[in-house]
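Contents: one structure, followed by commentary.
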Amino acid sequence: GRESHMPQKLDDMLSHLLTQKSGNFFITQNTNMKRIAIQGAKGSFHDITAHRYFSGEDIEVIYCARFEDIFSMIKKDDSIIGLMAIENTIAGSLLQNHELLRESDTQIIGEARLHISHSIMCLPEDDWEDITEVSSHPIALMQCREFLNAHPNIKAVEAEDNAKSAEDIFENKLHGHAAICGKDVAAMYGLKILQEGIETNKHNSTRFLILANRWHADELRKNDICNKSSFVFTLPHTEGSLSQVLSILSYYKMNLTKIQSLPIIGREWEYQFYIDVVYEDRLRYRQAVDAITLIKELKILGEYAESKNDL
């Protein structure tokens, strides 16, 4: 009779089905793999943080050009987890990212801190006397200002991503060009490190937020023990409006670890306040939130475990 092309064994059949293309996606057999959307290229500080935070887990990193794209990815596929920088000990808060978070339907499910150290690298054949231009992200250039001031003959050029600058030098064989990024990137692209640790302040850390669709936040949260919360509320420019909120937090023994104000566009002298609090007693935390809600509209951006050490 005619030979059948149908798999005979059940596991063969499952394997056959699970590798078939469905629309624009390949269905994968590994349902435990986490897909992490980040801003930046392979080898960027976002990439390093993703691999360290999810160390020991099976992950696929989705590289996005812009922070907005992280939220677009989560909106398209609610199983995707986002990882986004929110503040740096030197550069301060990334204000745009606070707004993206507030406007989205995502929740913070975790945080990570990464020590940032910058290196300058170039093609293996080049050396100091060959370098005329160095490129990196504007924040990285700012963090290496003293180094750049000491090398006035090297022109600093802003780029969209640290690691992408190194990749461009490798791909296009850009002689005379250097990139500033993490030292691990040099090995990825076969570049030569001219100098490590060129950042002005050695106490340089970036805080990242781990984000998920709000309906999947509980299942995707790594740590069930939440002792930190981020929320946002609006205040008019009237006497005592902020002190009311701060008094409530103090009364309920909340440890205020961050407060960031942003003006509301189109509403003069009204501000949004982004606040992070750390708490030991969850009941008192909920009482504090309820008390603030009585006087102001409040949106909780996420409840998660505090990160106490750099990755």
Side-chain angles (χ1 to χ4, degrees), residues 11-12 14-86 94 97 100-101 104-116 137 159-168 170-171 181-190 206-224 302 304-305 307 310-311:
D11 54 353
D12 287 345
L14 283 171
S15 179
H16 176 75
L17 287 170
L18 288 169
T19 54
Q20 297 307 295
K21 191 173 182 183
S22 173
N24 293 325
F25 299 94
F26 278 97
I27 301 170
T28 174
Q29 218 168 341
N30 185 359
T31 55
N32 293 321
M33 177 183 281
K34 288 179 176 173
R35 303 177 71 212
I36 318 296
I38 67 166
Q39 184 276 326
K42 188 176 173 66
S44 63
F45 289 119
H46 277 82
D47 190 30
I48 292 166
T49 305
H51 282 93
R52 290 187 187 175
Y53 183 82
F54 294 100
S55 176
E57 299 185 59
D58 196 5
I59 69 167
E60 175 196 348
V61 177
I62 303 165
Y63 302 102
C64 303
R66 306 174 308 152
F67 286 114
E68 290 91 330
D69 299 335
I70 296 174
F71 294 93
S72 299
M73 294 299 299
I74 297 172
K75 198 170 183 178
K76 285 179 189 173
D77 183 344
D78 58 18
S79 69
I80 289 175
I81 297 171
L83 187 145
M84 176 183 78
I86 196 69
L94 280 75
N97 290 358
L100 289 172
L101 180 58
S104 74
D105 202 31
T106 60
Q107 285 272 293
I108 306 167
I109 60 169
E111 69 172 2
R113 288 171 17 196
L114 183 72
H115 176 69
I116 305 295
H137 190 276
E160 65 178 31
D161 184 76
N162 302 359
K164 185 74 169 58
S165 300
E167 183 185 0
D168 287 345
F170 166 73
E171 292 283 352
C181 43
K183 66 177 183 179
D184 294 347
V185 178
M188 291 171 54
Y189 298 113
T206 295
R207 177 171 163 248
F208 298 83
L209 299 178
I210 320 302
L211 311 168
N213 175 282
R214 66 170 55 250
W215 302 111
H216 295 286
D218 288 341
E219 65 191 76
L220 292 172
R221 192 179 285 112
K222 276 180 72 175
N223 196 327
D224 291 331
Y304 49 99
S307 173
D310 287 350
L311 291 173

Of all heavy-atom pairs between [X] and [Y], which one has the smallest distance, and what is that distance?
X	Y	value
A217	Q107	CB-CB, 4.1 Å
A163	G43	CB-C, 3.8 Å
A50	I59	O-CD1, 3.9 Å
Y189	F170	O-CD1, 3.0 Å
L220	A212	CD1-CB, 3.8 Å

Do the side chains of C64 and M73 get nearer than 4.5 Å, heavy atoms only?
yes
Note, L83 side chain near T49 side chain (heavy atom, < 4.5 Å)
yes
With sequence neighbours left out, write down each residue that passes salt bridge (Lys or Arg N to Asp or Glu O under 4.0 Å) with D105, or none if nothing qualifies.
R214
For I109 and L211: C-alpha separation, side-chain torsions, deciding distance, then whether side chain to side chain contact (heavy atoms under 4.5 Å, CB included) applies.
CA-CA 6 Å; I109 60 169; L211 311 168; over 6 Å; no
With rounding to the nearest 0.5 Å, note down the distance linking [atom1] in [X] to [atom2] in [Y].
X	Y	atom1	atom2	value
I36	Y63	CD1	OH	11.0 Å
L209	L101	CG	CG	6.5 Å
I62	I38	CD1	CD1	10.0 Å
S79	I74	OG	CD1	10.0 Å
Y53	L114	OH	CG	13.5 Å
Q39	F45	CD	CZ	12.5 Å

Check E60 with K34, please: is the shortest side-chain N to carboxylate O separation under 4.0 Å?
no
So that I can tick it off, tell me whether R35 and D77 are bridged by a salt bridge, with the cut-off set at under 4.0 angstrom between side-chain N and carboxylate O.
yes
Any donor-acceptor N/O pair, [X] side chain to [Y] backbone, under 3.5 Å:
X	Y	answer
N213	T106	no
D69	R66	yes
H46	A85	yes
S72	E68	yes
E111	S307	yes

Kindly indicate, with the supporting measurements, whether the criterion side chain to side chain contact (heavy atoms under 4.5 Å, CB included) is fulfilled by V61 and H51.
CA-CA 9 Å; V61 177; H51 282 93; 3.6 Å; yes
Contacts satisfying salt bridge (charged side-chain N to carboxylate O under 4.0 Å, His left out) that involve residues 39-51 (not counting sequence neighbours) are none
For K164, run the side chain to side chain donor-acceptor pair (under 3.5 Å) check against D168, N162, D161 and tell me which one passes.
D168
